[in-house]
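Notes follow the structure.
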Amino acid sequence: MPEGHTVRRQATRLLRVLGGRRVRASSPQGRFADGARLLDGRVLRSTDAHGKHLFAGFATSETARPDRWLHVHLGLYGVWLEQDHDPEGPEPPRGAVRLRLTAGSTTADLRGPTACEVLTAPQVRDVHDRLGADPLRRDADPEAAWQRLRRSRTPVGALLMQQDLVAGVGNVYRAEVLFRAGLDPHRPGSAVDREMWDRLWADLVALMRAGVRAGRIVTTRPEHRVRRSGPASREDAHYVYRRTGLPCRVCGTPVVAEPFVARTLYRCPVCQAA
DNA sequence: GCTAAATGTTGAT
DNA sequence: TCAACCTTTAGCT
């Protein structure tokens, strides 16, 4: 589930349902008992997303500035589950719930995150500082990313996944944006020209914004789908991601998959020729 | 019904 | 380089 667009949605959602309210925090699973205690009884004042990292600012009152932040990274399995319930209380936790946040009749359960911790302001700044340009953020600095990319011999397909370069891109957006650009993932960053980088960045901004709106990743243009009208079906959502052996939507060549930097890389060998 | 893989990162070896 | 985190789903039988 979680690439940058998902985390952005969750940040918005969390603020909408729990923002401005005094929150009960607990760790039914027990692993985050100390952290939950630090948040329990505080007011959720703000949320933010940078790449795949979510921050939630908690304060002592409805008007105070946040003085501690919940920092969550979902990793591969992590998930937020929200429930509406009557005032007597939420349903008992299902599965291993690391953190439960409740205000009024709304509860958000966090399960399976890679990171879940309470940070101070300087520590939050440290996390931001080691993250790169997020296509979903207004303060993103694609120029800095370009300056690093153009000096790197690392394949562009690997660079796009480096969160300190571009934040929020995962395996789906990586594969899809490279396909849409007609770019071989193995090409070194230094062999990507400025025009191509600008195109990649603009496409990431457009695709990820669409992902935030739709709540899912859709990268295909209608003319490349089996069903050309209406919302894209699950089968029609991607050009190459998880389409190993299926014909490329543009040229018909079977899509190939290969292990690449500890992940599976999908591409069309013709549309993305070296 | 079972197994493997999955949109990710960290920390140990 | 690999295990761990922890759950869901796709693809088998």
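Chain A is the first sequence line, chain B the second, and so forth, proteins listed ahead of strands; every chain is numbered from 1.
Using a 4.0 Å cutoff on non-hydrogen atoms, the parts of residues 168-177 of chain A near DNA chain B are A:Gly170, A:Asn171, A:Val172, ordered by number.
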For residues 152-161 of chain A, which side-chain donor-acceptor pairs fall under 3.5 Å, sequence neighbours excluded?
unit_1, atom_1, unit_2, atom_2, d
A:Ser152, OG, A:Thr154, N, 3.0
A:Ser152, OG, A:Thr154, OG1, 3.2

Show me the donor-acceptor pairs within less than 3.5 Å that the side chains of residues 199-210 of chain A make with the rest of the protein, sequence neighbours left out.
unit_1, atom_1, unit_2, atom_2, d
A:Asp203, OD1, A:Arg180, NE, 3.4
A:Asp203, OD1, A:Arg180, NH2, 2.8
A:Asp203, OD2, A:Arg180, NE, 2.8

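Residue A:Arg243 is classed as having no contact, given no heavy-atom separation below 4.0 Å to the nucleic acid. Residue A:Arg94 is classed as having no contact, given no heavy-atom separation below 4.0 Å to the nucleic acid. Heavy atoms of A:Arg216 sit nowhere under 4.0 angstrom from any nucleic acid atom. Contact annotation for A:Phe32: no contact, since no heavy-atom pair falls under 4.0 Å across all strands.
Sorted by first and then second residue, the side chain to side chain donor-acceptor pair (under 3.5 Å) pairs involving residues 157-171 of chain A (not counting sequence neighbours) are A:Asn171-A:Arg174. Within the structure, side chain to side chain donor-acceptor pair (under 3.5 Å) contacts touching residues 243-258 of chain A (residues at least two apart or in different chains) are A:His186-A:Glu258, A:Asp236-A:Arg249, A:Glu258-A:Arg267. Pairs engaging residues 118-137 of chain A under the ring-ring contact (aromatic ring centres under 6.0 Å, His included) rule: A:His50-A:His128, A:Phe55-A:His128 [sequence neighbours left out].
Regarding A:Leu110, its CG atom lies at a distance of 16 Å from the P atom of C:dC5, rounded to whole Å. The interatomic distance linking A:Arg31 (CZ) with C:dC5 (C1') rounds to 7 Å, in whole Å. A:Phe260 has its CZ atom 20 Å from the P atom of B:dA5, to the nearest Å. Following rounding to the nearest Å, A:Arg263 (CZ) and B:dT7 (C1') show an atom-to-atom distance of 7 Å. Rounding to whole angstrom units, NE2 of residue A:His238 and P of B:dA6 are separated by 14 Å. Separating the CG atom of A:Leu76 from the C1' atom of C:dA3 is a distance of 14 Å, rounded to the nearest angstrom. Rounded to whole Å, the distance from OH on A:Tyr77 to C1' on C:dA4 is 8 Å. In this structure, A:Leu54 atom CG and B:dT9 atom P are separated by 14 Å, rounded to whole Å.
Residues meeting the salt bridge (charged side-chain N to carboxylate O under 4.0 Å, His left out) test with A:Arg42, sequence neighbours left out: A:Asp67. Annotation: side chain to side chain contact (heavy atoms under 4.5 Å, CB included) contacts of A:Val17 (sequence neighbours excluded): A:Arg13, A:Glu82, A:Thr106.
Comparing the same atom, P, in C:dC2 and in B:dA5 gives a spacing of 14 Å after rounding to whole Å. A distance of about 24 Å separates the P atoms of C:dT8 and B:dT10, rounded to the whole Å. Comparing the P positions of B:dA4 and C:dA3 gives a spacing of 14 Å, expressed to the nearest Å.
With B:dT10, B:dA6, B:dG8 as the candidates, the nucleotide lying closest to the side chain of A:His73 is B:dG8.
A close approach under 4.0 Å does not occur between any side-chain nitrogen or oxygen of A:Lys52 and OP1 or OP2 of B:dT7. Between A:Gln163 and B:dG8 there is no side-chain polar atom (N or O) within less than 4.0 angstrom of OP1 or OP2. Side-chain N/O atoms of A:Thr6 include none lying less than 4.0 angstrom from OP1 or OP2 on B:dT7.
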What nitrogen or oxygen pairs link the protein and nucleotides 9-13 of chain C at under 3.5 Å?
unit_1, atom_1, unit_2, atom_2, d
C:dA10, OP1, A:Arg234, NH1, 2.5

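Linking Ile, Leu, Val, Met, Phe, Trp and Tyr residues whenever their side-chain heavy atoms come within less than 4.5 Å leaves A:Val79 and A:Val97 in two separate clusters.
Checking A:Glu3 against A:Thr6 by side-chain atom types alone, no donor-acceptor pair falls below 3.5 Å. Side-chain contact annotation: A:His85 with A:Thr107, donor-acceptor N/O pair under 3.5 Å present.
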